[in-house]
Undergrad: 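Supplied in structure tokens, the structure appears directly below.
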Amino acid sequence: MREIRGHHLFCMTLFSGHGYDQEFTENMAGLIDSLREGEHFCLCLGPDAVCRACPHRQPDGGCQLAGSDVLDQDQAAREILGLQPGQELCWTKVKDKLAAVTQEEFGRVCGDCRWKEEGLCSYALLRQRTGQNEGAMP
């Protein structure tokens with residue numbers, strides 16, 4: 001069973017295919033497709049199936065771009081979504097939880113993220129992708 005870390009639940013929902021190399025983009029798109037098709041996953045505390053193809057992953061599993069802030073993002077995501085490490089999940093359940101996230105909660109997880117700062121994700125897009133706005137994406 002694949003493992004996914006807390007803040008990547010937000011990233012996967014907001015992913016648009018920009019920002020990283022082809023290997024990362026293909027891995028992320030394939031992972032998202034598998035989960036949307038019903039594959040279950042396990043919530044983990046550290047590097048996960050998304051990190052596996054990241055060009056910024058260090059040999060020890062850390063990230064060149066971030067330190068403890070990634071762990072803080074993970075913890076905030078778990079708290080906000082009411083999830084526990086080791087929990088087996090399906091995407092439908094996660095999407096429902098993401099749909100209930102407030103703008104303040106989104107800021108706790110994504111507020112300082114470089115992708116938000118670059119305009120590639122936003123609270124409005126999260127609302128759209130989770131079916132909270134008219135014309136939402138599947």
Side-chain angles (χ1 to χ4, degrees):
M1 178 177 301
R2 294 195 233 203
E3 294 183 320
I4 305 294
R5 66 189 315 155
H7 85 269
H8 280 162
L9 301 173
F10 286 77
C11 299
M12 292 167 55
T13 304
L14 298 165
F15 181 69
S16 63
H18 301 287
Y20 283 120
D21 63 15
Q22 183 176 350
E23 180 184 1
F24 178 87
T25 300
E26 288 174 1
N27 179 65
M28 180 71 115
L31 180 59
I32 291 167
D33 288 345
S34 294
L35 298 182
R36 284 185 179 157
E37 290 171 5
E39 180 181 333
H40 285 223
F41 63 94
C42 182
L43 190 66
C44 69
L45 289 173
D48 63 2
V50 174
C51 298
R52 181 181 63 80
C54 181
H56 303 293
R57 184 172 182 189
Q58 296 175 320
D60 67 357
C63 179
Q64 293 172 340
L65 298 179
S68 63
D69 59 326
V70 171
L71 299 177
D72 293 343
Q73 286 177 298
D74 286 339
Q75 182 174 344
R78 290 191 312 269
E79 290 172 2
I80 288 164
L81 299 175
L83 302 174
Q84 298 297 318
Q87 190 173 356
E88 183 179 326
L89 299 159
C90 66
W91 190 251
T92 303
K93 181 176 181 175
V94 170
K95 184 178 173 186
D96 289 345
K97 290 181 174 289
L98 287 163
V101 168
T102 67
Q103 189 162 5
E104 180 181 330
E105 291 169 333
F106 176 82
R108 281 185 54 205
V109 177
C110 304
D112 295 327
C113 178
R114 68 183 249 186
W115 302 118
K116 180 178 174 282
E117 292 171 6
E118 291 182 25
L120 293 175
C121 65
S122 66
Y123 178 68
L125 183 59
L126 178 70
R127 304 270 304 158
Q128 181 185 41
R129 298 260 176 105
T130 58
Q132 298 305 299
N133 289 342
E134 203 172 301
M137 297 173 68

Undergrad: Could you pull out all residues at least two apart from Glu26 that satisfy side chain to side chain donor-acceptor pair (under 3.5 Å)?
TA: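 Result, side chain to side chain donor-acceptor pair (under 3.5 Å) vs Glu26: Gln22.
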Undergrad: Restricting to non-hydrogen atoms, name the atom on Ala49 and the atom on Leu31 that form the minimum distance, rounded to 0.1 Å.
TA: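 Scanning both residues completely, I find the closest heavy atoms to be CB-CD2, 4.0 Å.
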Undergrad: Ignoring hydrogens and angles, tell me if any N or O in the side chain of Asp48 forms a donor-acceptor pair with the backbone of Arg5 under 3.5 Å.
TA: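 Flag set: sc Asp48 to bb Arg5 pair under 3.5 Å.
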Undergrad: Please list all pairs meeting salt bridge (Lys or Arg N to Asp or Glu O under 4.0 Å) that have one or both residues in residues 96-109, counting only residues at least two apart or in different chains.
TA: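 Listed once each, the pairs are Glu79-Arg108.
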Undergrad: Using every non-hydrogen atom in the two residues, find where Leu35 and Trp91 come nearest and quote the distance to one decimal.
TA: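 Scanning both residues, the minimum pair turns out to be O-CB, 3.4 Å.
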Undergrad: How long is the span from the CZ atom in Arg78 to the CG atom in Leu83, to the nearest 0.5 Å?
TA: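 Output value for this atom pair is 9.0 Å.
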Undergrad: Quick one: ring pair (Phe, Tyr, Trp, His ring centres under 6.0 Å) partners of Phe24, sequence neighbours excluded?
TA: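 Here the qualifying residues are Tyr20.
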Undergrad: Could you grab the distance from atom CD of Glu88 to atom CG of Leu43, nearest 0.5 Å is fine?
TA: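 Interatomic distance, Glu88 CD to Leu43 CG, rounded to 0.5 Å: 11.5 Å.
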Undergrad: Might you confirm whether atom CD of Glu39 has over 12 heavy atoms from other residues, nucleotides or ligands at distances under 6.0 Å?
TA: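 Above 12, so yes.
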Undergrad: What's the spacing between Gln84 CD and Leu81 CG if we round to 0.5 Å?
TA: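 Spacing of CD (Gln84) from CG (Leu81) equals 11.5 Å.
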Undergrad: Identify the two heavy atoms, one from Leu71 and one from Leu45, that lie closest to each other, and give their separation to 0.1 Å.
TA: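 It is CD2-O, 4.0 Å.
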Undergrad: Atom OG of Ser34 and atom CZ of Arg2: how far apart are they, to the nearest 0.5 Å?
TA: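 The OG atom of Ser34 sits 4.5 Å away from the CZ atom of Arg2.
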